[in-house]
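One structure is given here, and the rest of the page talks about it.
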Amino acid sequence: MAADKQSVNMTVNGKPVSGEVESRTLLVHFLRENLRLTGTHVGCDTSQCGACVVLVNGKSVKSCTMLAVQADGAELVTIEGLANGSELHPMQQAFMDNHGLQCGFCTPGMIMSALDIVNRNGNDLDEATVRKELEGNICRCTGYHNIVKAVQAGAKAMGGGS
Amino acid sequence: MYEFNYQKVESVSAAVAALKNADDGKFLAGGQTMLPTMKHRLASPSDVIDLSGIAELKGIKASADTVTIGAMTTHAEVAASPEVQKAIPALAGLAGNIGDPAVRNRGTLGGSIANNDPAADYPAAVIALGATVKTDRREIAGDDFFTGMFETALEEDEIIVSVSFPVPRAAAYMKFENPASRYAIVGVFVAETSDGIRIGVTGATPCAHRGLRLEAALAGKLDSAALDSVELPVDKMNSDIHASAEYRAHLVKVMAKRAVDACN
């Protein structure tokens with residue numbers, strides 16, 4: 001079968017982007033290979049690990065389990081869209097301050113999922129909520145303790161607290 | 001993933017027409033099972049027809065006695081719906097515990113029941129609540145919808161429009177979940193309905209089923225002690241690396257008892 005090319009247009013980190021993709025191109029590959037936004041990682045490629053989580057129209061999505069064509073017309077935020085110049089987003093800063101990572105491979109997905117958690121649950125998160133909400137993000141280094149602390153601290157900082 | 005033609009349609013009739021014109025087409029709902037299946041090359045449709053642009057498949061409507069949920073409504077939307085939380089909290093809770101948050105943001109009610117994974121959660125609720133599945137051409141009773149492993153009463157080109165759940169007097173869903181995938185190793189949905197106590201069991205057998213032995217033992221009363229003496233057929237249970245058939249039979253009873261207690 002001849003490759004069926006589709007044009008896609010979307011807003012990524014506030015900027016309009018477009019491209020020609022095969023129907024089967026996964027969103028994560030469009031982000032990484034066409035847009036060169038390599039902060040979004042492919043961990044398992046089987047929708048389990050969460051390293052590829054981005055926000056699509058404000059909601060966390062595993063970008064390895066969505067076609068690029070399905071994101072046509074959508075607004076996306078990736079890890080590259082969070083910092084303001086050299087000033088980290090409060091959730092990024094919280095991961096740094098709390099040593100919420102070791103190798104860092106899962107961190108972009110953790111942070112994007114954390115933003116979705118804050119959007120739905122507010123700024124005052126207890127530990128059990130964070131652990132339950134992070135079920136779709138796997139870290140093989142840290143044992144999660146500092147990730148949970150970082151999400152709680154980041155949530156508070158996003159609400160203006162510290 | 002093999003190549004395919006992608007089409008996004010805006011109406012149910014256009015979706016059905018697109019499927020009829022395709023060599024080997026498939027409807028795409030949330031894609032949380034279908035895309036991984038295609039990536040594994042276990043499915044290789046010639047055409048993928050995306051239903052996400054069809055407005056009539058979305059949304060939740062509640063009346064005094066029924067909650068109707070559009071097929072393309074996501075698990076996250078069902079879980080967060082004040083109408084569902086008020087009318088059938090067990091259903092909102094079930095939806096809010098499928099997979100993980102990112103999966104719930106994409107996965108849909110219609111996709112879940114059309115796929116009929118033996119370990120999916122929704123089939124237990126559809127059966128126990130005596131729901132009705134409305135398609136583009138007919139209504140199918142929940143009891144008749146799930147016909148076998150990954151098999152349903154749907155025709156190849158038939159589209160689920162919505163599912164209507166009668167509001168029960170009480171209901172509870174208890175799931176013993178796989179700690180990695182969150183799929184049900186066993187899940188039991190108990191509902192006290194106008195039609196008596198009805199029980200839906202998922203994860204235990206190749207296809208979700210009605211727990212008729214459990215219902216008979218309860219004899220119309222939400223008394224979990226009545227389930228102690230029930231004998232379940234071990235030879236009909238699934239057996240895999242996660243749980244043996246004997247263990248699953250045991251879990252069905254334990255989850256059923258917990259669900260009955262939670263109804264009180």
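FYI, side chains are in, hydrogens and waters are out, and symmetry mates aren't considered; it's all heavy atoms of this structure. The chains referred to below are lettered A, B, ... by the order of the sequence lines, with proteins before strands, and numbering in each begins at 1.
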**Request:** Go through A/Leu67 and B/Met1 one step at a time and tell me if the side-chain contact (heavy atoms from CB on, under 4.5 Å) criterion holds.
**Result:** CA-CA 11 Å; A/Leu67 302 170; B/Met1 196 183 308; 4.2 Å; yes
Closest approach of [X] to [Y] (non-hydrogen atoms, all atoms of both residues):
X        : Y       : result
A/Gln70  : B/Leu28 : NE2-CD2, 3.3 Å
A/Thr46  : B/Lys39 : N-NZ, 4.5 Å
B/Tyr6   : A/Ser23 : CB-OG, 3.3 Å
A/Glu135 : B/Gly99 : OE1-O, 3.9 Å

**Asked** Which answer fits A/Met66, side chain, backbone, both or neither, if we ask what part of it has an atom under 4.5 Å from a heavy atom of chain B?
**Response** both
**Request:** Could you tell me which portion of A/Ser113 (side chain, backbone, both or neither) has an atom closer than 4.5 angstrom to a non-hydrogen atom of chain B?
**Result:** neither
**Item:** Salt bridge A/Asp72-B/Lys8, side-chain N to carboxylate O under 4.0 Å
**Value:** no
Is [X] atom [atom1] crowded by more than 12 heavy atoms from other residues, nucleotides or ligands, each under 6.0 Å away?
X        : atom1 : result
B/Glu10  : CD    : no
B/Arg258 : CZ    : no
B/Lys58  : NZ    : yes
B/Glu156 : CD    : no

What distance separates [X] [atom1] from [Y] [atom2], expressed to the nearest 0.5 Å?
X        : Y        : atom1 : atom2 : answer
B/His40  : A/Asp45  : NE2   : CG    : 8.0 Å
B/Arg104 : A/Lys59  : CZ    : NZ    : 13.0 Å
A/Lys132 : B/Asp100 : NZ    : CG    : 10.0 Å

**Message:** When you measure from the side chain of B/Glu3 to the backbone of A/Arg24, do you find a donor-acceptor pair of N or O atoms at a distance under 3.5 Å?
**Reply:** no
**Item:** Choice from B/Gly30, B/Pro36, B/Pro101 maximising heavy atom contacts with chain A below 4.5 Å
**Value:** B/Pro101
**Request:** Against chain A, work out which of B/Met34, B/Met38, B/Arg106 has the most heavy-atom pairs shorter than 4.5 Å and name it.
**Result:** B/Arg106
**Request:** Go through the steps to decide whether A/Val61 and B/Gln32 satisfy the test side-chain contact (heavy atoms from CB on, under 4.5 Å), and finish with yes or no.
**Result:** CA-CA 10 Å; A/Val61 165; B/Gln32 299 303 285; over 6 Å; no
**Request:** Please determine, among A/Thr65, A/Ile138, A/Leu26, A/Asn137, the option with the most heavy-atom pairs under 4.5 Å with chain B.
**Result:** A/Thr65
**Request:** Apply the side chain to side chain contact (heavy atoms under 4.5 Å, CB included) test between B/Asn105 and each candidate in A/Asn57, A/Asp116, A/Val53; give the one that qualifies.
**Result:** A/Asp116
